[in-house]
Amino acid sequence: MMDINKISSPVTADMGTTKSKANNTPKPEVVELSPRAMPTQNAVSDDWQLIEKTQPQLAQVDDFDADKVAQLRQALQQGTFSLDVEQLAEAMKQTHG
């Protein structure tokens, strides 16, 4: 077991709070920024316009396939789930290069 001993120090606790007269550091210059102009409708990319148009359709798509999740859950519970590692590796290769 390690003992922790208090070390006394001649340095006072308020050492960092007192101002030094020798500190003549110049203050940084404050620069005001002008507001940026908003891009015009023509400046929006084609991809963004496509996303904007399809947003209502995307909102209706489920985030996951509930039926497939139920099938996987049942296979796991029954002990019949199998994983084809080669097929998984091929799918990853096709997707990610």
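Each residue takes its place number in the sequence, starting with 1. The model shown is predicted, which means the values in this text are computed figures rather than measured ones.
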**Report entry** Side-chain donor or acceptor of T54 paired with backbone N/O of Q57 under 3.5 Å
**Finding:** no
Report summary line: Result for side chain to side chain contact (heavy atoms under 4.5 Å, CB included) between E90 and one of Q87, Q94, E86 points to Q94
**Report entry** Point-to-point distance, once rounded to the nearest 0.5 Å, from CG of L50 to CD of Q55
**Finding:** 11.0 Å
